[in-house]
Amino acid sequence: MNLDIADFTDKLEDPTTVPSANRLDVTKALRLLAGRQREVVAALSLEGRSVGETANRLGVTEGAVRVAFHRGLASIAAKFGQA
């Protein structure tokens, strides 16, 4: 299964406009994730990094970043009852 990161852009808020109360919720959600998934979701959704930048920084393929991102978001959604 291949997913395009662009499919998720309308679901993510611009990190520069997220109110501080929502940032706390995001921080809590990220704590639900383990290692690589947490790094990927934080890099793409909070830090505003691209898939390519994130892959280079973590030393993995862009496909691996996309998979980790999708699984991370799915895990957060499942734990918040929105799966």
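Source: prediction; values computed, not measured.
With sequence neighbours left out, the salt bridge (Lys or Arg N to Asp or Glu O under 4.0 Å) criterion links Arg57 to Glu47. Residues satisfying the salt bridge (Lys or Arg N to Asp or Glu O under 4.0 Å) test with Glu53, not counting sequence neighbours, are none. Under the salt bridge (Lys or Arg N to Asp or Glu O under 4.0 Å) criterion, Arg36 pairs with Glu39, not counting sequence neighbours.
Proximity of Val60 to Thr54: side-chain heavy atoms (C-beta onward) are nowhere separated by under 4.5 Å.
Remark: of the listed residues Asn56, Val40, Leu44, Leu44 is the sole one forming a side chain to side chain contact (heavy atoms under 4.5 Å, CB included) with Val51. Residue Leu33 is tested with Arg71, Arg38, Lys79 for a side chain to side chain contact (heavy atoms under 4.5 Å, CB included); the sole match is Arg38.
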